[in-house]
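The structure appears right after this line, and notes come after that.
Reminder, nothing fancy here: chain letters follow the sequence lines and each chain counts from 1. Keep in mind that what you see is a predicted model, and the values were worked out from it rather than measured.
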Amino acid sequence: MEDTAPTDMAAPATAEAPAEAAQTISVANSQPEITPDGDSDQLKITLGDFEGPLDLLLYLIRQEQVNIYDIPIARITDVYLRYLILMQELDLTVAGDFLVMAAQLIELKSRMLLPRDPLAEEEEVLDPRAELMNRLLEHEKFKAAAQMLWSRATVEQAVFTRAEIETDTNNPEVSVGLFDLLRVFEEILARHKEEILLEIEREEVSMAEMIDRLRNMVRSAGELNLMKFFERAKSRRELVVAFLSVLELVRMSEISLVQSETFGDIMARTASPMEA
Amino acid sequence: MSKAAKATNAEANPDEQAQSASDGGEIEGQRDISSAELKAIAEAMIFVADEPLSAKTIADVIKVDREAIEVAIVDLVAEYDARNCGLQLREIAAGWQIATRPEHHEQIRAYLKSRPSAKLSLASLETLAVIAYKQPVTVPEILEIRGVQSPSAVKTLLDKRLIVAKGRKETVGRPMMYGTSKEFLIQFGLKDLTELPSIEDFQDLAGGES
Amino acid sequence: MSKAAKATNAEANPDEQAQSASDGGEIEGQRDISSAELKAIAEAMIFVADEPLSAKTIADVIKVDREAIEVAIVDLVAEYDARNCGLQLREIAAGWQIATRPEHHEQIRAYLKSRPSAKLSLASLETLAVIAYKQPVTVPEILEIRGVQSPSAVKTLLDKRLIVAKGRKETVGRPMMYGTSKEFLIQFGLKDLTELPSIEDFQDLAGGES
């Protein structure tokens with residue numbers, strides 16, 4: 001099932017077979033791995049279900065076996081950036097979220113290097129890492145909660161209830177939520193649009209009709225913005241007919257085309273008697 | 001959770017296994033199933049089936065002798081009758097089915113009637129959607145938008161008090177205009193109409209893909 | 001033809017009526033109902049209901065005290081457990097439901113030819129966890145906690161009816177708030193939201209290693 005956006009990099013992929021990126025997602029125990037591939041310097045990468053930069057960071061903190069309450073920012077930043085580069089080399093789309101986190105880490109790293117303000121009270125000096133740490137801890141709590149939900153759903157899937165008791169099959173009933181209402185409304189609108197398009201397809205304007213239409217419009221107004229004329233076309237075919245009819249009237253010297261400035265609007269005018 | 005645990009290490013009681021081996025005989029590629037388990041499985045299967053289930057079908061699915069299933073079902077029927085409960089296991093149309101007992105039909109009918117139905121047919125739902133988003137709106141306008149006739153859907157919605165008349169439109173024929181009711185807000189858990197999700201709300205959600 | 005309808009064409013056994021008159025107190029406008037009968041009716045009603053049925057609903061329909069129904073249901077649950085059969089009577093989503101036991105899922109799946117339905121992706125599950133614990137919550141708030149931009153998981157959850165809109169938040173842009181649905185309780189086997197373990201219980205797991 002593919003319900004994550006492509007940017008989520010949710011699909012596991014391996015260095016050998018990036019083409020399999022669309023395979024199904026297994027939730028439990030899917031951890032990414034980086035292992036040396038034989039004798040070469042190449043790293044073999046198995047990407048896990050990284051649902052974003054926080055996920056990746058948590059994983060790297062585990063892998064590097066560092067304390068989440070005292071993250072060595074410089075080291076983790078380096079590993080994180082290395083990971084992003086590897087993902088790019090694998091042609092995996094690195095989502096913007098990952099890059100934003102990279103920027104935040106680099107900024108954090110530089111702040112950690114700054115000497116502390118000696119004038120500041122000891123209590124007021126906040127660890128610059130505190131916010132990141134809190135976000136990581138919060139995120140990890142919800143990851144654990146997600147695992148709990150997953151195991152509950154697994155048990156529930158082994159339980160069955162009785163089959164639907166048949167109701168009136170001619171008028172199948174649906175139970176309705178708020179978003180059903182919106183979805184249905186959108187469907188109606190989409191259906192409506194399709195019908196309009198279908199009708200236009202059927203309506204065919206002949207070359208002769210189009211020439212008449214153009215001639216009348218130019219005559220009645222004295223001049224006609226051709227862009228406006230073309231925009232009236234309801235289909236590709238009608239546009240072609242409109243274009244041909246302009247050429248035809250120019251050829252017959254019934255109209256002349258005027259463009260007052262480069263890239264300006266092109267106006268069709270009744271050909272002046274002098275030119276006629 | 002314990003339920004999961006039960007499901008995974010569902011080993012039969014050794015005594016029961018011995019028993020079933022003696023009276024059923026082992027079937028190829030199938031672990032022993034005790035007669036108690038057979039009964040439970042047959043009951044569960046009859047329960048989930050959407051039509052009367054024959055002993056043969058059950059036997060085929062769990063790959064045991066049909067006779068074993070027939071014995072299990074006869075036992076089950078006796079159990080149901082002995083319990084004197086609200087359900088019966090009965091043979092109908094060459095199959096087995098769990099059903100309520102006839103003596104409770106009055107109460108069951110009363111329940112089925114009492115069910116609040118937030119359920120609408122698709123036609124009613126579509127009509128309601130048009131009215132909710134385009135109100136106040138007349139029946140001809142609804143027909144135009146939906147592209148299908150919907151006068152009966154309007155009546156259904158009026159009956160369910162989900163919509164109300166909102167005066168007449170000052171055009172030819174002065175058609176009645178409809179809008180959603182207070183009941184509509186209650187049933188859909190809305191404080192007011194501004195809480196209706198908009199198409200933008202939906203697009204924001206779908207727009208995750210860059 | 002529905003199972004419920006099948007129950008209609010029979011008369012109550014006169015003996016039972018006589019018996020029921022002898023025990024149990026009389027309720028206004030209602031004939032006497034013995035406790036055995038109450039149990040049977042509750043069971044039958046839970047069976048025909050297509051969603052978990054609350055004791056209150058049953059009590060309202062047959063016009064008896066809710067306590068009486070609750071007692072009957074507790075008895076029924078004990079009976080089901082004692083029978084050690086294929087079915088269980090369980091409390092879920094603030095109601096009662098008859099369901100199969102998890103240990104027979106293999107055979108039932110084999111019969112229904114169903115495979116375990118597609119599980120939610122990690123993205124959807126994490127989003128669902130955030131919504132379950134922080135509800136009502138807006139999409140921006142969810143994204144903030146998850147640290148990812150894609151809101152498509154919210155749409156997936158709406159499509160699967162696991163979450164529902166819960167009005168708008170009175171802040172800039174009046175974003176839609178979301179919460180979990182009854183379907184969520186059902187699919188995750190929860191009686192109600194208080195049955196969810198506290199999010200702080202996961203604190204020990206978070207950061208616990210290393």
Handout entry: Check against side chain to side chain contact (heavy atoms under 4.5 Å, CB included), C:Arg146 and A:Asp55
Key = CA-CA 9 Å; C:Arg146 292 196 56 229; A:Asp55 256 13; over 6 Å; no
Problem - Atom pair CZ (A:Phe160) and NE2 (C:His105), whose distance is rounded to the nearest 0.5 Å - result: 8.0 Å
Handout entry: Separation of A:Gln157 CD from C:Gln187 CD (nearest 0.5 Å)
Key = 8.0 Å
Practice task
State whether the side chain of A:Arg152 and the backbone N or O of C:Gly189 hold a donor-acceptor pair below 3.5 Å, judged by distance alone.
Solution key: yes
Exercise for the section: Considering only NZ, NE, NH1 and NH2 on the basic side and carboxylate oxygens on the acidic side, decide whether A:Glu138 and C:Lys134 come within less than 4.0 Å. Expected result: yes
Exercise for the section: Identify whether the distance between the nearest side-chain nitrogen and carboxylate oxygen of A:Arg162 and C:Glu51 falls below 4.0 Å. Expected result: no
Please determine, among [options], the option with the most heavy-atom pairs under 4.5 Å with chain A.
options                               : answer
C:Leu128, C:Asp50, C:Ile199, C:Val164 : C:Ile199
C:Leu112, C:Leu190, C:Thr127, C:Ile98 : C:Leu190
C:Ile186, C:Leu196, C:Ile108          : C:Ile108

Practice task
State, to 0.1 Å, how close A:Leu54 and C:Gly147 come at their nearest heavy-atom pair, and which atoms those are.
Solution key: CD1-CA, 3.9 Å
Handout entry: Interface residue of largest heavy-atom contact number with chain C, from A:Leu58, A:Thr161, A:Thr154, A:Leu149, under 4.5 Å
Key = A:Leu149
Problem - Structural part of C:Gln97 lying under 4.5 Å from a heavy atom of chain A - result: side chain
Practice task
Answer with side chain, backbone, both or neither: which region of C:Leu87 has an atom nearer than 4.5 Å to a non-hydrogen atom of chain A?
Solution key: neither
Problem - Check against side chain to side chain contact (heavy atoms under 4.5 Å, CB included), C:Ile92 and A:Glu156 - result: CA-CA 11 Å; C:Ile92 191 167; A:Glu156 233 12 73; 4.2 Å; yes
Practice task
Taking the side chain as every heavy atom from C-beta outward, state whether A:Lys141 and C:Asp201 have any pair of such atoms under 4.5 Å apart.
Solution key: no
Handout entry: Neighbour count >12 (heavy atoms, 6.0 Å) for atom CD, A:Glu131
Key = no
